[in-house]
Amino acid sequence: MYVCLCKGITDSQLRAAVAEGNTEFRDLKQELGVGAQCGKCIPVALAILAEENAKAQLYYEVA
Ligand code: FES
């Protein structure tokens with residue numbers, strides 16, 4: 001699903017970028033440009049970022 005219409009960024013792209021180590025919003029903004037224009041995608045991008053960081057945290061706690 002498209003998260004950022006201004007830059008054409010999907011949730012899959014965001015999740016992949018987080019998995020590659022972009023664990024802060026500023027990293028995603030720099031890497032993909034998410035939220036760099038109108039900013040309407042920022043709340044959804046932050047939710048996806050939090051979800052992916054929580055998954056990674058669970059992984060490290062179990063491993
Ligand atoms: Fe992402 Fe506009 S929808 S900057």
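Side chains are part of it too, since the values below use all heavy atoms of this structure and drop only hydrogens, waters and symmetry mates.
Enclosure of atom CD in E51 by more than 12 non-hydrogen atoms of other residues, nucleotides or ligands within 6.0 angstrom is indicated.
Of all heavy-atom pairs between V34 and A45, the closest is CG2-CB, 4.0 Å. Across all non-hydrogen atoms, the minimal contact from L49 to E24 is CD2-C, 3.8 Å. Closest approach of I9 to G33, counting heavy atoms only: CD1-C, 4.0 Å. Contact detail for G35 and C4: the closest heavy-atom pair is N-SG, 4.2 Å.
How far NZ of K40 is from SG of C6: 8.5 Å, rounded to the nearest 0.5 Å.
Grouping the Ile, Leu, Val, Met, Phe, Trp and Tyr side chains by contacts below 4.5 angstrom, directly or via other members, places L32 with L46.
Judged by distance alone, the side chain of N53 and the main-chain N or O of T23 form a donor-acceptor pair under 3.5 Å. A donor-acceptor pair under 3.5 Å is absent between the side-chain atoms of N22 and the main chain of L28, judged by distance alone.
Contact of the Q13 side chain with the K7 side chain is not registered, since no non-hydrogen atoms from C-beta on lie closer than 4.5 Å.
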